[in-house]
Amino acid sequence: MEYNFHEIEKKWQKYWEDNKTFKTPDDLTNPKKCYILDMFPYPSGAGLHVGHPEGYTATDIYSRYKRMKGFNVLHPMGWDAFGLPAEQYAIQTGTHPSVTTNNNCDTFRRQIKELGLSYDWDREINTTDPKYFKWTQWIFLRLYNTWFDEGLQKGRPISELKVPDTIRQLGKNEIIKYIDSRRLAYYDNALVWWCPNCRIVCSNEEVLNDGTHEKCGNRVEKKNLKQWMLRIPLYAERLLTGFDKLEWPEGIKEMQRNWIGRSTGAEVDFSIDGLNEKLTVFTTRPDTLFGATYMVIAPEHQLTEVITTGDRKEDVEKYIKATLLKSDLDRTDLAKEKSGVFTGRYAVNPVNKKLIPIWVADYVLTGYGTGAIMAVPAHDTRDFEFAGKFSLPIACIQDPDVADTEQEKRILEGNECWTEDGKYINSSDPSTGIDINGLNKEAGIQKITKWLESRNLGKAKVNYKLRDWLFSRQRYWGEPFPVIHWEDGEITLLDEKELPLHLPVMEKYLPGETGESPLANADNWLNVTDNKGRKGRRETNTMPQWAGSCWYYLRFIDPKNDKMIFDPGQEKYWMPVDLYIGGAEHAVLHLLYSRFWHKVLYDLGIVSTDEPYQRLFNQGMILAFAYETESGMKIPADQVVEREGKHYHIENGSELRQIVAKMSKSLKNVVNPDDVTLKYGADSLRLYEMFMGPLDITKPWDDKGVKGVFGFLGRAFRFFSDPENIVRGEEDPEVLKGLHHVIKKVEGDIENLRFNTAISAMMIFLNLATKKGKVTGETAATFTKVLSPFAPHMAEELWHLQGNTKTLAYEQWPRYNEEFLKEDNFEYPVSFNGKMRFNILLPVSFTKEEVVNAVLADERAKKWLGSATPSNIIVVPNRIVNFVIKN
RNA sequence: GCCCGGAUGGUGGAAUGGUAGACACGCAGGACUUAAAAUCCUGUGACCAUAACGGUUGUGCGGGUUCAAGUCCCGCUCCGGGUACCA
């Protein structure tokens, strides 16, 4: 029978849909459960590209396999549908973003269904649906009403926060201020990049070197905007320790650890000469205090103005202005040439009471530590560079552990920077009573930190790179904050019962010129009056796209519940997510934010697990071939012709190099899954996506490769659908061995997400079966089951042709029998000094001695051994024989 | 610069420290066909050699550990991703 994939695929997709084959079981008594999740997509107008089906196919195979293994499987799909493109389109055309979004979702849903993925479509969710974002807003209320108890390392309801009496005495305003300062969500000014042309806040990476916006080329400016922020750094420690139990790729854990950026050190207070202020610095090297010869504060530091003396004001102000104009990248670029100005003021070094000058420089950042540093040029490369440029003193306080005496001399004289370990010198002062001379780094840090703490001059301190999360956008198409700002300055949140707060319908979606969200123009929606006549305005910022994706896995558990965020019993059954697959581009942000929310919900008793995603896997990017000339000029794929495996320019005939690059319109190398499905069918697309290589690596799409798996499916179908090939009676032992081998191999490979080798094992079996020409009906049925997670349409069709009337989706996964896998003989590779020379077939039961004797009796061994006597003979049973000959 | 990942035939890739190149693409030859496509069969790392057998070499580069290294260790080169002076 010919392999008519179009007909087969249409037929079974309809069957699955009509019969709701993949509806999640309601019976929660089955102890075997598996929650398998894809990172849900943003439904762009461009439709699916071949990168999407990679992860989706992987989870689909895993889901189908787990069902056959008797698991209750939860495998849902939905849309992360808030986002800029729909809003931009609305600005241009006036079409409401929900219309665009729904159209895009329809396209995505159709395309995904055409791939035969076994989602439970009854659980589809959409982050832009008010029934969904009602609960996103609900979580925001929780964040706002939670504080972090550092002692218990746990989030707690704000009602449990004790306000100190000293604050209480200061009155209502101070109490509110205190409470607000402890909430996980707070409202504050934040300095952000603003593009006046696009009327949008830009991220650092969107701002180019020359200070222009990468999207429009216009100059951006720094703007202070009122923003919602989330105190994620409070959870830094929990986010770090949570990794321990998780089955995540080590590299991803490492990237998140680096992002959180824990560092230990000390905070040290410096008093300021002539002012009743102190300057606190964070340092990882309190041991180098004696080497601190100047200080630097960030231009944005709140004390900069106070510290600057009259005669220096002009210079400092000029410098601050210049800094504000630079993009962050610019600031770092100029870092090669460090810049800074003297404030005219001096600080007192607490260890020796020496006066050291205070400078302002943009290499010190406000966002990290305390925004001020003590500079130790002799032992910090940045400080060394800066001191060199501005002729500041360099005091070496550590005799370096270095063998090179010339280098040692340079370091001691302050002509070279030393950041490694060594023995302290010049590090004592009788007047303050501290002496660490002779100690090494570790001991020095300990001693001086203790000394600082005993004198109340500083304390040990852990610092994180992780910063507060800027959690608002000046956009229309996002979740509205359930927040009202009253005329008297009070901020209140809507009551739970008032949710969801809908987005108003508008005619114009353009943001305001001043950085205000388009919502500021929705007068009817915006202005509110309470029952006492007090006037207020709703929050006009909306939440970032992260909000919806931070918790969607929880809603899938009980997506239609309109009474609660989800049913706790069902949550307890399904959580945590057992397998989570998505692109590595979300390695840090999405996963970190999502873990943070989850931990807050856990602390509040809303979810039952501390971590959301037990096992994580990142699929690699799919690239495509592209072509370039000898000189490296890129040639669009439609201008390239292939002859005898080589590539030539269609016009001038010059030979081109095949390279691997990202798919892009300009290179004309974008692959659309619809084209592949049309030509080869969904099963072939699925199979090729998996056969290309390991799931986690970056790999190029090759249309020719699809032909390979298409050929395999065609051969398989023709062979197993032909009654002449299916016989009764005993199975051929070789076929039986092959069959049980493939069951075992595919099973192990699916568990380890190594689908490429599973497919090649199936190819090997098919090659064997076709060579034999005949298999039993039982073998055919078993192989059909093994193939079914990979090529489900074809497998259902074969299953049907084999006389079955029900779907095979819930058939039991075949069990392999080790007995059939046993070999009688093993073909030993025999090597001499590690070089393989020949093979010899011997019974597996042979002892080492028997093996050696059998090999020595072989003519070929005599040839390689010659007259020499082996000094050693290594026999690894059923693996290798190696003769060691010394010459 | 730093962090993470990678480098194996013409191509994608396979290989618990134990026969490097499974499986597939491509290519070459053959069968079928008036012909092509499709399908099927055979060969295919490179080099040397042959009537045939065979041999040498080979996993980015240089060292090392080991009876044995694509795999482990040290030092590099190049490529991809992330990040931007993190005190």
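A, B, ... follow the sequence lines: proteins, then strands. Residue 1 opens every chain.
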Note: contacts of residues 370-379 of chain A with RNA chain B (heavy atom, under 4.0 Å) are A:Ile373
Do A:His379 and A:Ile397 come close enough that some side-chain heavy atom pair is under 4.5 Å?
-> yes
Would a 4.5 Å heavy-atom cut-off, applied to side chains only, mark A:Cys417 and A:Thr419 as touching?
-> yes
Could you state the [atom1]-[atom2] distance from [X] to [N], rounded to the nearest angstrom?
| X | N | atom1 | atom2 | value |
| --- | --- | --- | --- | --- |
| A:Met690 | B:G12 | CE | P | 18 Å |
| A:Asn839 | B:U19 | CG | P | 10 Å |
| A:Ile880 | B:A68 | CD1 | P | 11 Å |

Does [X] have a side-chain nitrogen or oxygen under 4.0 Å from the phosphate oxygens OP1 or OP2 of [N]?
| X | N | result |
| --- | --- | --- |
| A:Asn756 | B:A14 | yes |
| A:Lys835 | B:C67 | no |
| A:Arg467 | B:C86 | no |
| A:Asn767 | B:A24 | yes |

Check: A:Tyr688/A:Asp683 side-chain N/O donor and acceptor closer than 3.5 Å = no
Any side-chain donor paired with an acceptor under 3.5 Å for A:Ser263 and A:Asn463?
-> no
Side-chain donor/acceptor of A:Asn258 to base of B:C3, under 3.5 Å | no
By nearest-heavy-atom nucleotide on RNA chain B, the more 5' of A:Pro829 and A:Gly369 is A:Pro829
